[in-house]
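Beneath this line is the structure, given in structure tokens, with notes to follow.
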Amino acid sequence: MSTRVAETPHGALGLSADDLASMHRLLLTSRLLDEAALRQNRMGRAPFVVPAAGHEGCQIGTAWAMRRGTDIWLPYYRDLGIVLSAGMTPYEVFLGVFAKADDPSSGGRQMPAHWGSRRLGIISGSSPIATQVPHAAGIAYAAKYRGEDAVVGCWFGDGATSEGDWHEGLNFSGIHRLPVIFVCENNQYAISVPQSKQMAVKDVASRAEGYGFPGVVVDGNDVLACYGAMKTAHERARAGEGPTLIECKTYRFMPHTSDDDDKSYRSRDEVEQARVRDPLVQFASYLREHGLLDDASHDALRAEIKEEIDEAIRAAWDAPDPDPDTALRHVFQEREEEQ
Amino acid sequence: MSTRVAETPHGALGLSADDLASMHRLLLTSRLLDEAALRQNRMGRAPFVVPAAGHEGCQIGTAWAMRRGTDIWLPYYRDLGIVLSAGMTPYEVFLGVFAKADDPSSGGRQMPAHWGSRRLGIISGSSPIATQVPHAAGIAYAAKYRGEDAVVGCWFGDGATSEGDWHEGLNFSGIHRLPVIFVCENNQYAISVPQSKQMAVKDVASRAEGYGFPGVVVDGNDVLACYGAMKTAHERARAGEGPTLIECKTYRFMPHTSDDDDKSYRSRDEVEQARVRDPLVQFASYLREHGLLDDASHDALRAEIKEEIDEAIRAAWDAPDPDPDTALRHVFQEREEEQ
Amino acid sequence: MTEKNVVTAVRDALHDEMANDERIVLLGEDVGARGGVFRISDGWMAEFGEERVIDTPLAESGIVGIAIGMALHGLLPVAEIQFADFIHPAFDQVVSEAARLRYRSNGDFGVPMVIRTPYGGGIHGALYHSQSIEAFYAHIPGIKVVVPATPGDAAGLLRSAIQDPDPVLFLEHKKTYRSIKGEVADGAYLTPIGVAEVKQEGDDLTCISYGYSLHLCLDAAHRLAEDEGASVEVVDVRTLAPLDVDTIVSSVRKTGKAMVVYEDNRTYGAGAEIASTIAEQALFDLDAPILRIGGPDIPAMPFAAPLEHYFMEPEPDHIYARMRELARA
Amino acid sequence: MTEKNVVTAVRDALHDEMANDERIVLLGEDVGARGGVFRISDGWMAEFGEERVIDTPLAESGIVGIAIGMALHGLLPVAEIQFADFIHPAFDQVVSEAARLRYRSNGDFGVPMVIRTPYGGGIHGALYHSQSIEAFYAHIPGIKVVVPATPGDAAGLLRSAIQDPDPVLFLEHKKTYRSIKGEVADGAYLTPIGVAEVKQEGDDLTCISYGYSLHLCLDAAHRLAEDEGASVEVVDVRTLAPLDVDTIVSSVRKTGKAMVVYEDNRTYGAGAEIASTIAEQALFDLDAPILRIGGPDIPAMPFAAPLEHYFMEPEPDHIYARMRELARA
Ligand SMILES: Cc1ncc(C[n+]2csc(CCOP(=O)(O)OP(=O)(O)O)c2C)c(N)n1
Ligand SMILES: Cc1ncc(C[n+]2csc(CCOP(=O)(O)OP(=O)(O)O)c2C)c(N)n1
Ligand SMILES: [Mg+2]
Ligand SMILES: [Mg+2]
């Protein structure tokens with residue numbers, strides 16, 4: 001058997017220049033949208049936002065191995081990059097930020113960043129941490145039971161790994177060798193609680209062995225490495241070999257949410273150090289090195305995305321608020337919704 | 001430094017002939033008491049009993065490394081051998097079996113085998129599985145905080161390892177390097193659910209790594225091996241080095257409880273195979289090999305213990321029932337109990 | 001029509017639903033080889049396959065959470081919690097997830113699942129195999145709570161629960177399992193969720209109850225009819241959430257007296273809602289204070305027979321005696 | 001006397017208790033370096049040491065279970081659940097363990113612990129940062145449930161809770177944290193658990209409430225006094241379990257009319273117990289049906305301002321308007 005050695009790292013992963021361009025667009029969209037949302041918050045137009053900056057590398061890297069329309073996504077609140085990858089548009093995101101009636105996630109019922117869309121296969125998420133982990137297992141069980149080819153992606157933070165639900169969900173998935181991938185975006189803090197007070201181990205991934213499946217540690221700032229780990233896990237899942245736990249080492253550049261003040265628990269120096277490894281900067285360098293990006297194209301792309309986001313904000317801001325008379329609806333299925 | 005090689009395995013563990021004799025008495029007491037309790041159940045005098053037979057090796061082996069009066073015990077319902085080691089008498093056990101007013105565990109309020117005694121340092125246990133695991137962590141934290149020398153022992157089955165509380169308790173203990181020892185009596189079944197449907201791994205002990213402390217697998221039928229593992233863990237705990245997870249591979253010879261019928265889920269052949277490795281038989285052989293037991297002394301010991309148990313049954317049976325008027329008491333502290 | 005006890009009615013209904021619809025899967029502890037500790041699924045692992053009759057790890061939050069995931073992806077899971085006392089670790093998955101998914105997604109997602117669990121005491125189950133848990137759950141918007149008392153209702157309500165597009169907590173009183181027998185109609189009939197039933201008509205007072213207590217009330221009502229010719233209307237709530245306020249209030253309007261009987265700890269129990277609904281909606285029809293009989297406010301039934309008996313019957317003939325007092329008042 | 005808001009009163013009382021008794025430890029998520037998300041323990045990790053101000057892993061069942069262990073071994077833990085909405089994973093540790101240990105051990109063990117948690121809505125917290133959880137817990141025998149509404153009661157009841165030999169769930173309504181100010185007596189006074197307080201005397205009707213709703217009731221009562229000269233007696237329950245039935249019933253006997261107001265979902269809420277207690281014990285003193293105002297039966301307050309507002313105020317002036325109706329009835 002002859003092995004063809006791809007000339008570039010992305011080539012070895014089966015990624016084309018077009019793929020890289022799309023990934024880059026997602027990375028930039030996520031970052032610029034994130035910054036814009038925070039500005040809306042500071043302007044007093046959005047009472048609450050959850051910054052994702054710093055996490056884009058592992059979000060878009062892992063998401064890229066997923067298939068829209070087939071696979072199922074269980075993101076957590078910091079997963080702006082995941083839901084953009086799954087197909088949510090900036091306009092839809094801002095409908096959520098402004099809690100508008102047409103917000104696809106919840107019609108303005110939930111806090112922003114509590115994503116969901118049946119159409120896109122994004123399972124509605126709540127605030128309680130780690131509750132989606134058993135859901136992911138159950139969905140994967142159902143997909144396998146029904147003979148579907150679907151793979152389930154489930155994302156969470158380092159703090160989430162301490163919850164009982166996390167343990168119970170991973171354990172069941174291992175027993176039944178389910179087609180599910182668990183991705184820990186380890187940014188070393190759960191709000192203010194540092195990893196050393198969250199767990200006595202260096203790597204969350206070291207827990208996978210105890211559930212009978214592989215655990216992988218990957219640099220969350222390296223988009224291609226994240227993609228590679230996810231791609232392998234995805235192939236394992238589709239081949240019936242069961243779950244994988246991927247731990248992406250990452251960092252959150254901003255406070256936990258717009259309500260947080262991170263100066264109380266981490267130094268500015270630490271944050272600056274982390275910014276040096278910004279996944280966007282690194283990915284752009286990679287593109288430049290491979291002749292896929294230059295200043296002009298970069299600026300044009302940024303401008304284009306900025307325009308898209310500004311337009312999204314304008315349109316979302318003008319969209320109607322939820323009607324108070326709808327507050328009592330959808331506690332149970334309504335007659336007209338019946339199948 | 002000169003190392004003195006002990007001539008016998010027990011000598012190497014620092015155990016004297018007297019120690020072995022006391023351990024043997026505990027093993028026999030546990031087994032004979034267990035059989036007697038089941039007979040009481042079959043006679044219709046005890047509505048519910050929990051057999052321990054098969055588990056005595058790991059119970060008495062691990063318990064022997066604990067110190068009465070200093071250490072704290074958190075047994076589960078199958079831990080007859082643990083509570084006998086902690087100082088509970090056969091009479092006290094039968095007060096529980098017959099749900100009498102003087103039952104030290106609960107005054108007849110709980111099912112038999114729901115052990116507890118403040119005097120003996122045995123923390124009152126409930127039926128819900130694994131809830132004692134975070135308690136063990138909290139007690140160990142308190143002991144450390146108060147500068148005590150106490151070590152906390154916490155026992156549970158293989159099924160218990162699946163509960164979220166188990167995960168949360170071990171995780172916290174690892175983070176704070178608490179003086180606590182977690183002992184899994186892995187009898188390969190949680191009622192009818194075999195280990196393969198409980199976890200995707202061979203050894204529960206493999207999970208310890210994910211909590212940052214050692215996991216040890218030991219033959220639960222080998223009393224001295226269990227003692228050795230516990231002794232090492234106990235020394236670690238006292239030296240401030242933190243928890244240990246000890247997994248004892250064992251087997252339950254009888255149905256789960258007097259309400260169970262184990263024929264539905266395991267073959268008689270499997271049970272018979274396991275009985276070949278009976279910890280009591282093995283321990284007696286060891287004693288014989290080392291000239292510490294012969295037929296006559298064995299028979300005499302059995303007769304003496306049987307007599308003690310018969311007397312305990314007689315006395316416990318005649319003890320008074322709880323007064324129905326006490327049913328409302330002790331929901332909250334009563335005035336006369338105030339410190 | 002066939003005479004069955006409650007446990008058989010549950011088993012037969014669940015069995016036939018499973019046979020008819022491959023989307024239904026059963027999951028829980030010991031439901032497989034062991035067939036459940038009450039033998040409800042005895043032999044089903046062989047009949048329906050291990051994929052449909054799933055022995056789960058010992059983890060209730062996981063059981064409910066996994067069932068939610070299944071329900072979100074096209075299955076109709078029936079999760080069994082071995083004893084109701086062990087559902088507490090799953091409280092968050094019920095409150096925050098099962099009961100909220102439809103509302104929080106503005107109707108985009110639904111969770112068609114059933115959680116079945118044996119509850120209640122009087123069977124020597126002690127503190128942790130005797131609890132009544134209905135009050136906790138009836139208070140949660142987004143989940144239905146069903147408490148059948150008879151074999152016929154158990155079968156009809158279980159079918160409705162399985163076919164319901166929303167989560168249903170299906171509570172089976174253990175003491176009724178074998179002690180309560182009754183005629184069960186043949187065929188896959190549905191008993192509607194949310195509809196109470198007048199199990200016995202009467203004019204002098206209305207006695208409202210559910211579960212095993214209902215039978216104690218029916219007995220007391222029969223005795224009172226014989227002893228004093230009193231005519232007691234006995235209403236079986238059948239569903240606690242949603243509560244059938246109309247049936248309850250109409251009956252009380254007719255009789256002018258109300259008593260509510262339940263086994264659960266009295267204070268903040270489900271009977272409080274029923275009694276206070278009557279106080280709001282039928283106050284001027286009342287000829288006597290509303291009588292509420294609940295279990296004592298102690299954790300649960302102790303094991304020792306004298307203590308357990310005290311819980312179920314703190315005074316001799318307590319339901320009968322107080323019913324008589326109310327009838328005479 | 002010092003004027004304080006509720007959050008400051010809680011902080012000061014907790015601080016002084018910790019300073020006085022080394023057995024008290026604080027544990028919870030972000031209570032350390034961050035000083036808690038409401039800044040209650042700001043600077044305490046430095047002041048009292050990391051051993052006494054413990055940043056726990058993100059695991060509520062663990063937090064409560066570990067606190068139980070500490071309480072069993074000589075400490076007086078104060079466990080903080082960051083938001084009441086996140087206490088649900090710990091439900092089993094509360095119901096089965098904290099609340100049952102004394103009873104199940106026949107008095108041998110006790111669990112002197114406090115669980116503090118901010119609850120309630122109206123602060124843009126959406127479905128999972130707005131919930132009222134008191135009804136679930138008030139129903140559990142073996143745990144006390146405290147719901148202070150004023151700075152003075154918050155301080156006095158918190159001290160009592162810490163010194164109580166049994167577990168206490170201490171619920172702080174978030175909306176009162178900064179909006180409610182009041183005089184707080186100096187010194188380490190204790191406000192007794194289990195005693196309601198008549199916050200305002202009156203003759204025409206009794207309005208019973210607690211938490212943030214109490215202030216809405218007081219406002220409505222003041223307006224009604226001004227507008228129509230009505231004299232409303234306002235009772236602050238302060239402790240839901242044990243409930244001070246005497247104070248409530250005496251007031252209703254005096255005024256002849258009762259309304260109960262609470263923010264939590266109405267059905268099977270704590271107000272049901274209060275209303276039904278009145279219906280049992282003061283029925284013939286009532287001149288009008290008991291009025292019960294609870295929150296709508298939807299999961300919790302939605303985020304969008306119009307929806308949140310609907311939850312808190314489904315009709316314009318709803319408490320005032322219905323109080324006026326009742327006063328006129
Ligand atoms: C069950 C539960 N407990 C507490 C919280 C409050 N809370 C929100 S986010 C968070 C930290 C989560 O940390 P991590 O999982 O590491 O994710 P990150 O925010 O760092 O991305 C906490 C404690 C919650 N939402 N749910
Ligand atoms: C929370 C909870 N769920 C279910 C049960 C019912 N139950 C009692 S014992 C048991 C099996 C326990 O198995 P394991 O931990 O392996 O201990 P073993 O009985 O084998 O010694 C189960 C499921 C329970 N007691 N508590
Ligand atoms: Mg984190
Ligand atoms: Mg076992």
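All values below were derived from every heavy atom in this structure, side-chain atoms included, with hydrogens, water molecules and symmetry-related copies excluded. Each chain gets a letter, A, B and so on, in the order the sequences are listed, and its residues count up from 1.
Most heavy-atom pairs under 4.5 Å with chain C: of the set D:Asp85, D:Leu291, D:Ile140, D:Asp264, this distinction falls to D:Asp264. Chain D forms the most heavy-atom pairs under 4.5 Å with one residue out of C:Ala138, C:Pro296, C:Gly142, and that residue is C:Ala138. Of the listed residues (D:Pro141, D:Pro89, D:Ser96, D:Ser61), the one with the most heavy-atom contacts under 4.5 Å to chain C is D:Pro141.
Proximity to chain D involves both the backbone and the side chain of C:Leu240, based on heavy atoms less than 4.5 angstrom apart. For D:Pro302, the part lying near chain C is the side chain, with the backbone staying farther off; criterion is any non-hydrogen pair under 4.5 Å.
You'll find the side chain of D:Asp92 stays beyond 4.5 Å of the side chain of C:Glu60, heavy atoms only.
Within the model, atoms CD1 of D:Ile290 and CD1 of C:Ile290 stand 7.0 Å from one another, a figure rounded to the nearest 0.5 Å. Remark: C:Ile298 CD1 to D:Arg104 CZ distance equals 15.0 Å, nearest 0.5 Å.
In this structure, C:Phe91 and D:His88 have perpendicular ring planes: the angle between them is above 60°, well past the 30° mark.
Across every non-hydrogen atom of D:Pro299 and C:Ala99, the tightest pair is CG-O, 4.2 Å.
Interface with chain C: from residues 265-287 of chain D, residues D:Asn265, D:Arg266, D:Thr267, D:Tyr268, D:Gly269, D:Ala270, D:Ala272, D:Glu273, D:Ala275, D:Ser276, D:Thr277, D:Ala279, D:Glu280, D:Leu283, D:Phe284, D:Leu286, D:Asp287 qualify, criterion being any non-hydrogen pair under 4.5 Å.
Side-chain N/O atoms of D:Tyr128 and C:Arg100 include no donor and acceptor closer than 3.5 Å.
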